[in-house]
Amino acid sequence: MKLPPVLVALRPQQWVKNVFVFAALVFAAGTQGALLHVPLPEVVRTCFAFAAFCFGASAIYLVNDVADVESDRAHPTKRNRPIASGALSVPTALTLSAVCVALALFLATRAEPPQVGDTAPVPIVFVVAGYMTLNLAYSLKLKHVVLVDAFCIAAGFLLRVIAGGLAVPVQVSHWLLLCTMFLALFLALCKRKAEMDLLGEGRGEHRAILLEYDHRFLDQMVTVLAACAIVTYTMYTVAEDTTAKFGHGLVWTVPFVVFGLARYLLLVSTRKGGGSPTRVLLGGDPMFAVNVIGWVATVAWIATRHR
């Protein structure tokens with residue numbers, strides 16, 4: 001079934017990235033990690049935060065596609081996007097972006113938890129607004145600055161996790177935040193590597209910053225970042241706060257993480273995919289998808305059994 005250009009331009013397939021908002025609900029909520037006993041209001045607030053990031057991301061995707069319309073038309077796959085192909089006009093896209101911004105900010109206010117005590121946490125609406133501001137700066141300028149582009153992407157994932165922690169509310173483990181940062185940097189640089197392989201010598205015509213990246217540098221960095229992500233995730237699973245909520249069972253999810261990162265890196269290195277984590281997850285590589293399902297099922301089993 002072919003989706004309407006307006007819906008395609010929102011890139012709903014990219015909303016899967018916003019599941020990081022649920023990290024605090026699953027990994028930090030509850031005094032003993034009983035996932036089935038998380039209070040319904042916390043779940044509802046986290047869902048509002050998730051929806052806020054979905055519309056916030058779509059708002060920036062629209063602006064990004066308007067800004068990149070000419071370069072997208074020279075790209076072998078991006079030229080099929082609604083704005084680049086002419087299926088969606090620029091004025092319509094900008095109007096839709098403004099509507100998405102308004103919806104994102106409204107939904108963020110619905111994600112706010114009741115205030116307890118004299119010291120109020122950072123409002124979630126500020127986090128969502130900061131996320132959109134950061135990504136707007138990324139779309140208009142920062143994506144053209146080498147390495148800064150990758151760190152902007154990583155910051156976006158950190159803001160998702162932080163917003164999820166504020167919605168519960170709960171303190172998010174520093175190990176979990178570090179793991180999120182390293183994983184996001186890994187995926188961002190893998191995407192750059194995949195783009196360089198896809199575009200070849202003409203990569204500078206699509207995105208000039210690709211000329212500033214070097215294949216050997218990217219190979220070294222993605223290897224280091226994969227190792228950092230594995231180490232920080234492992235440290236999270238054995239941390240005192242984690243074992244108090246989950247017992248010692250969560251450490252057995254580490255092999256899924258190692259396999260997933262290795263499989264993704266193999267796809268990038270052999271040019272069989274990896275340019276889009278979302279596409280790989282949503283059926284681009286069945287083995288990768290099965291591994292993710294196995295990780296989710298194992299985490300859910302451990303979280304619901306431990307009391």
Side-chain angles (χ1 to χ4, degrees), residues 2-21 47-75 77-112 123-145 148-160 162-164 167 184 187-188 191 195 206-209 275-279 282:
K2 190 174 182 179
L3 297 176
V6 170
L7 186 56
V8 173
L10 294 178
R11 301 194 206 177
Q13 74 278 9
Q14 299 291 345
W15 291 353
V16 69
K17 297 176 183 178
N18 297 319
V19 298
F20 278 79
V21 172
C47 288
F48 274 123
F50 171 80
F53 274 92
C54 289
F55 283 107
S58 290
I60 305 305
Y61 286 142
L62 289 162
V63 173
N64 180 74
D65 287 354
V66 169
D68 288 352
V69 62
E70 294 301 327
S71 60
D72 283 353
R73 286 170 179 164
H75 193 277
T77 58
K78 294 181 180 180
R79 63 187 178 188
N80 297 319
R81 289 177 174 175
I83 298 174
S85 65
L88 186 68
S89 68
V90 169
T92 300
L94 293 177
T95 301
L96 184 59
S97 177
V99 172
C100 287
V101 169
L103 284 171
L105 296 177
F106 170 74
L107 290 167
T109 62
R110 303 293 296 171
E112 298 289 350
I124 297 175
V125 68
F126 285 6
V127 179
V128 174
Y131 168 81
M132 289 190 290
T133 302
L134 172 67
N135 280 276
L136 181 61
Y138 170 84
S139 295
L140 298 180
K141 180 65 178 178
L142 297 181
K143 68 180 179 181
H144 303 298
V145 183
V148 173
D149 60 333
F151 275 87
C152 285
I153 295 172
F157 280 94
L158 284 175
L159 289 173
R160 290 176 173 100
I162 291 170
L187 294 174
K191 183 176 181 180
E195 287 176 332
H206 171 67
R207 185 174 294 180
I209 193 176
S276 170
T278 305
R279 189 178 302 116
L282 299 178

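Count residues from 1 along the sequence.
- Scored by the side chain to side chain donor-acceptor pair (under 3.5 Å) test, Arg73 finds Glu70 as partners (sequence neighbours excluded).
- Checked against side-chain contact (heavy atoms from CB on, under 4.5 Å), Cys47 has the following partners two or more places apart in sequence or in another chain: Phe22, Val43.
- Using a 4.5 Å heavy-atom cutoff, the side chains of Lys191 and Ile153 are not in contact.
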Quiz prompt | CA sep, side-chain torsions, deciding dist, call: Asp68, Lys143, side chain to side chain contact (heavy atoms under 4.5 Å, CB included) | solution = CA-CA 11 Å; Asp68 288 352; Lys143 68 180 179 181; 2.3 Å; yes
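- Interatomic distance, Phe53 CZ to Leu107 CG, rounded to the nearest 0.5 Å: 11.5 Å.
- Side-chain contact between Cys152 and Leu134 is present, with at least one heavy-atom pair separated by less than 4.5 Å.
- Residue pairs meeting the salt bridge (Lys or Arg N to Asp or Glu O under 4.0 Å) criterion with at least one partner in residues 53-65, sequence neighbours excluded, are Arg11-Asp65, Asp65-Arg81.
- For Pro5 against Pro82, the heavy-atom pair with the smallest separation is O-CG, 3.4 Å.
- Sorted by first and then second residue, the salt bridge (Lys or Arg N to Asp or Glu O under 4.0 Å) pairs involving residues 89-107 (not counting sequence neighbours) form an empty list.
- For the pair Tyr61 and Ala9, the tightest heavy-atom approach, listed with the atom from each and the gap, is CB-O, 4.3 Å.
- The heavy-atom pair separating Ala184 from Ala154 by the smallest distance is CB-CA, 3.5 Å.
- The OG atom of Ser139 lies 6.0 Å from the CD1 atom of Ile60; values are rounded to the nearest 0.5 Å.
- Qualifying side chain to side chain donor-acceptor pair (under 3.5 Å) partners for Ser97, counting only residues two or more places apart in sequence or in other chains: none.
- Atom CG of Leu62 and atom OG1 of Thr95 lie 10.0 Å apart (nearest 0.5 Å).
- Under the side-chain contact (heavy atoms from CB on, under 4.5 Å) criterion, Val101 pairs with Ala59, Leu105, Met132, sequence neighbours left out.
- Side-chain contact check for Asp149 versus Tyr138: some heavy-atom pair is nearer than 4.5 Å.
- In terms of heavy-atom proximity, Leu140 sits nearest to Ala67 at CD2-CB, 4.3 Å.
- In this view, Phe20 and Phe157 satisfy the ring pair (Phe, Tyr, Trp, His ring centres under 6.0 Å) rule, not counting sequence neighbours.
- Applying the side-chain contact (heavy atoms from CB on, under 4.5 Å) test to Thr92 and every residue at least two apart in sequence or in another chain returns Leu88, Ser89.
- Residue pairs meeting the side-chain hydrogen bond (donor to acceptor under 3.5 Å, both in side chains) criterion with at least one member in residues 125-134, sequence neighbours excluded: Tyr131-Arg160.
- Contact detail for Phe50 and Val21: the closest heavy-atom pair is N-CG1, 3.9 Å.
- In this structure, Val125 and Ala108 approach most closely via the heavy-atom pair CA-CB, 3.6 Å.
- Evaluation of the side-chain contact (heavy atoms from CB on, under 4.5 Å) rule for Leu94 yields Val66, Val90 as partners, not counting sequence neighbours.
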